[in-house]
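As structure tokens, the structure follows; a few thoughts come after it.
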Amino acid sequence: MGFFILLVVVVAAVAAYKFRVPLIAKLTGQPPQRIQRAIERRKENKRR
């Protein structure tokens with residue numbers, strides 16, 4: 001039973017990461033394009 005719960009948590013985390021832009025947009029009320037630009041800016045800043 002513990003393995004099944006762990007598996008569900010891992011699958012939910014992967015799904016949330018994959019659909020993070022629409023999820024964040026819905027939670028914050030911002031347009032998805034704005035969220036995507038912010039994520040891209042953070043990636044660019046990390047590379048420097």
Side-chain angles (χ1 to χ4, degrees):
M1 187 65 180
F3 177 74
F4 180 71
I5 292 171
L6 179 65
L7 182 64
V8 169
V9 168
V10 169
V11 168
V14 169
Y17 181 77
K18 183 170 173 61
F19 298 108
R20 69 188 178 276
V21 171
L23 286 173
I24 294 170
K26 192 169 291 259
L27 288 173
T28 61
Q30 300 290 330
Q33 296 83 8
R34 184 173 181 174
I35 304 298
Q36 186 64 41
R37 284 194 312 265
I39 290 172
E40 291 300 322
R41 275 195 310 268
R42 290 187 73 193
K43 284 182 185 177
E44 286 297 320
N45 288 339
K46 271 188 172 178
R47 291 181 189 154
R48 294 182 187 178

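- Taking a 6.0 Å sphere around CZ of Arg34, one finds it holds 12 or fewer heavy atoms contributed by other residues, nucleotides or ligands.
- Smallest separation of non-hydrogen atoms from Ala25 and Pro31: CB-C, 4.3 Å.
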Could you go through Glu40 and Arg37, starting from their C-alpha distance and side-chain angles, then the distance that decides it, and tell me whether this counts as salt bridge (Lys or Arg N to Asp or Glu O under 4.0 Å)? CA-CA 5 Å; Glu40 291 300 322; Arg37 284 194 312 265; over 6 Å; no
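- Comment: Arg47 engages Glu44 in a salt bridge, judged by a side-chain N to carboxylate O separation of less than 4.0 angstrom.
- In the hydrophobic clustering of this structure, Ile24 groups with Val21; members are Ile, Leu, Val, Met, Phe, Trp, Tyr whose side-chain heavy atoms approach within less than 4.5 Å, directly or through other members.
- Here the CD1-CD distance, from Ile39 to Gln36, works out to 5.5 Å after rounding to the nearest 0.5 Å.
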